[in-house]
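Heads up, the thing below is written out as structure tokens.
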Amino acid sequence: MAPAVQRRSGGGVFEGLYKVLMRRNSVYVTFVIVGAFAGERAVDYGVHKIWERNNVGKRYEDIPVLGQRPAEE
């Protein structure tokens with residue numbers, strides 16, 4: 001008789017992530033903090049680009065008289 005369920009020795013993707021990231025609390029906390037920082041930067045960059053694209057011609061830099069800096073002599 002063959003066993004009904006055979007276990008793979010390699011494991012899946014989630015099992016590999018568990019072994020790498022969640023075995024030790026310090027590694028998991030570091031992963032969460034770095035992930036939050038990287039995610040925040042990515043969202044900030046994306047929202048900034050969308051805002052600039054939607055407001056072309058309406059920004060302070062786009063107004064000819066106001067956007068110019070006085071020439072230093």
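Remember, it's a predicted structure, so these values are computed and weren't measured experimentally.
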**Report entry** Remaining members of hydrophobic cluster (4.5 Å side-chain criterion), Phe37
**Finding:** none
Query raised in the report: Distance-only, no hydrogens or angles: does the Asp44 side chain make a donor-acceptor pair with backbone N or O of Glu40 under 3.5 Å?
Result: no
Query raised in the report: Which atom pair, heavy atoms only, marks the closest approach of Val20 to Val27?
Result: O-CG1, 3.7 Å
Report task. Could you note down all residue pairs passing side-chain hydrogen bond (donor to acceptor under 3.5 Å, both in side chains) where residues 22-34 supplies at least one of them, sequence neighbours left out? Result -> none
